[in-house]
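Atoms within each ligand, like the ligands themselves, are counted from 1 in listed order.
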Amino acid sequence: MCGIFGSALRDGNAAPVIHAALKRLEYRGYDSVGEATIDDGVLYVRKDRGKIDEVHRIHNLDDLPGSIGIGHTRWATHGAPLQVNAHPHLDCKGQIAVVHNGIIENFAELRQDLETHGHVLRSKTDTEVIAHLIEDGFNNRPSTSFADVVLEAVKKLEGSYSVAAISTKEPDKIVCARNESPLVIGVADGGFYCASDIPALLPLTNKTVTVENGELVVLSSENFEIKKILDSSTVVRKPRLSDWSPEMAVKGGYPHFMLKEIHEQPETLRNTLRLQEHYLDLMATFLERAREVFLVACGTSYHACLAASYMFSKLAFLGTYPVIASECVEQHGRSIGIDSTILAVSQSGETSDTLAAVMTARERAATILGLTNVVDSTLTRVSRVYIVQQSGPEIGVAATKTFTSQLSVLAQLALRVAKRRGKVSQDEMDYLGERLTKLPHDAEVVIQTQEEKVKQIAKKYRDAKAFLFLGRGISTATAYEGRLKLMEIAYVPAIALPAGESKHGPIGLVEPGFPVVIVCPRDETHKTVIGNIMEMKARGASVVAVVEEGDEEIKRLVDDYLEVPKGIAEVLSPILFVIPLQLLAYYMAVERGHDPDMPRNLAKSVTVK
Ligand code: F6R
């Protein structure tokens with residue numbers, strides 16, 4: 001996730017306007033920043049790694065001439081946060097500048113093709129190809145308009161993008177386009193703007209036009225024109241008046257970042273399906289050859305590891321040890337050695353317990369693999385191979401979207417190892433591939449259909465003194481995660497267990513009305529889980545079940561239920577089943593009068609001020 005902004009003004013300098021707008025977009029990314037303007041036929045660029053204020057202190061982002069320009073605040077996806085990788089990216093001659101938010105899936109092929117045609121690309125980003133594709137278009141058809149050249153260029157892109165470009169050939173225009181990544185136009189008396197999100201526009205104007213997927217917009221200081229990328233036909237769309245306050249707008253209209261991030265999951269899951277194949281393949285190679293694999297992490301990331309241990313075992317027949325990072329050295333330190341592989345999972349890539357375990361394993365010559373959300377974090381620097389999960393900044397303290405993204409990446413890895421080991425049939429492979437592809441849509445359905453029901457359930461149980469969460473098999477990880485969310489933001493004491501363990505003591509807690517949340521996918525554990533529900537009901541528990549749509553057998557038995565779409569594959573089930581539990585924790589916190597974004601005693605290592 002990154003923030004883009006463009007400004008075409010009638011009078012005055014665009015640079016300070018862009019700089020101020022990027023500050024308002026900083027919540028979308030903050031590892032590098034850059035601006036480009038055009039004045040008197042010359043393109044000016046300032047960019048560097050670092051937060052906006054740091055870069056401004058060194059380079060003065062207000063001091064570029066010209067009334068037209070674009071800017072970018074970055075959350076790295078391809079290429080480390082270095083000056084060379086910061087946007088805007090330029091063509092060979094330095095006459096075209098491009099900013100981009102999204103992921104270009106076919107950038108490696110495009111880059112190769114451009115290099116064959118003599119283009120020199122300087123960065124490691126996927127974005128730079130766009131500037132060179134535009135240049136190539138001008139080289140091949142010099143009399144074509146800037147808008148048409150950009151239109152032809154974006155037709156070649158596969159993946160997601162919101163992109164804005166300027167060129168010295170037509171220095172009075174910004175051309176922007178959208179596929180999946182957000183883009184809005186701002187209409188004001190003094191000019192026209194484009195931006196990733198409404199908050200960037202609000203102090204300038206509250207008149208906005210949403211750009212839809214597959215559309216391209218040509219902006220100048222006098223007007224804007226929307227075209228369909230497919231056939232260049234013109235689209236007429238009137239501006240709308242936004243009544244969001246700047247604070248609401250930063251949160252996308254949601255009252256809290258946590259809720260915003262829960263709602264972002266269809267998009268963040270989609271991003272995980274666009275990871276570069278060769279990184280997944282490389283990591284799968286290390287995992288496949290490993291004698292023993294330790295999956296090391298803390299908190300929510302540990303729950304992802306726990307689920308992954310079922311995925312690797314069930315799909316690839318690969319035994320792995322999920323390990324809580326703070327226990328890793330005590331529990332396994334001596335047995336870790338040159339034959340061991342550590343897959344460390346950490347959203348931030350900076351969690352000290354995880355890094356401590358990794359460093360000890362490194363000293364013992366183990367192979368370190370990393371899964372993280374932050375490019376250039378310590379974890380990426382110490383890993384032999386790392387994958388960046390592409391979830392965008394996590395500003396809510398409670399991990400939500402990053403958990404489901406971790407699970408999606410881990411499932412893809414397990415599938416790859418399974419394929420190499422010949423452990424899955426073609427039919428199974430196809431089925432799982434298809435279910436993976438459907439996840440973003442299914443996540444959307446869960447959010448749309450269950451949120452209201454979750455609110456009612458949260459109202460009903462708001463005064464509960466404690467909760468029990470149960471799951472079996474891979475759903476144990478889901479139960480643990482549901483419990484962690486509830487405890488950390490709603491401050492309700494909770495226990496989570498593999499359901500089979502409840503009868504070995506914890507069932508003693510259950511008395512009439514005691515709330516028990518049970519995760520019930522329709523997998524091999526279904527029958528046994530029904531037994532667990534009966535056990536709980538026999539003791540008067542109030543059972544809330546998360547079930548697959550149409551699971552009447554369980555629905556009849558329980559007090560309340562939440563549903564996910566039917567047909568989810570067992571190994572992928574935590575990705576959907578956890579969403580109602582994230583919402584439950586969120587609404588329980590709200591019901592109990594707590595701010596879900598500011599859990600007590602917890603802080604994020606990276607925060608946006
Ligand atoms: C829970 C939460 C924490 C983190 C844990 C690990 O909502 O956010 O439990 O999951 O501190 O953090 P990372 O993944 O950054 O290593």
Close-contact set for ligand 1 against Ala398 heavy atoms, below 4.0 Å: 7 (O)

Within-shell test, Lys485 vs ligand 1, heavy atom, strictly < 4.0 Å: yes

Any side-chain donor near an acceptor of the partner, Ser123 and Thr125, under 3.5 Å: yes

Close-contact set for ligand 1 against Thr300 heavy atoms, below 4.0 Å: 1 (C), 2 (C), 7 (O), 9 (O), 10 (O)

For Ser301, the ligand 1 atoms whose distance to one of its heavy atoms is below 4.0 Å: 10 (O), 13 (P), 14 (O)

Flag for Tyr561-Asp551: side-chain donor and acceptor within less than 3.5 Å: no

Ligand 1 N/O within reach of Ala399 N/O, cut-off under 3.5 Å: yes

Sidechain N-carboxylate O distance under 4.0 Å for Asp281, Arg420: yes

Interfacing atoms of ligand 1 (cut-off 4.0 Å, heavy-atom, Glu488): 1 (C), 7 (O)

Plane angle bin for His263 and Tyr254 - parallel if under 30°, tilted between 30 and 60°, otherwise perpendicular: tilted

Whether Val397 lies under 4.0 Å from ligand 1, heavy atom: yes

Basic-acidic side-chain contact under 4.0 Å: Lys453, Glu563: yes

Parallel, tilted or perpendicular: ring planes of His332 versus Tyr321, cut at 30 and 60 degrees: tilted

Ligand 1 N/O within reach of Gln406 N/O, cut-off under 3.5 Å: no

Lys/Arg-Asp/Glu bridge criterion (N-O < 4.0 Å) met for Lys23, Asp53: yes

Subset of ligand 1 atoms that lie under 4.0 Å from at least one heavy atom of Ser348: 13 (P), 15 (O), 16 (O)

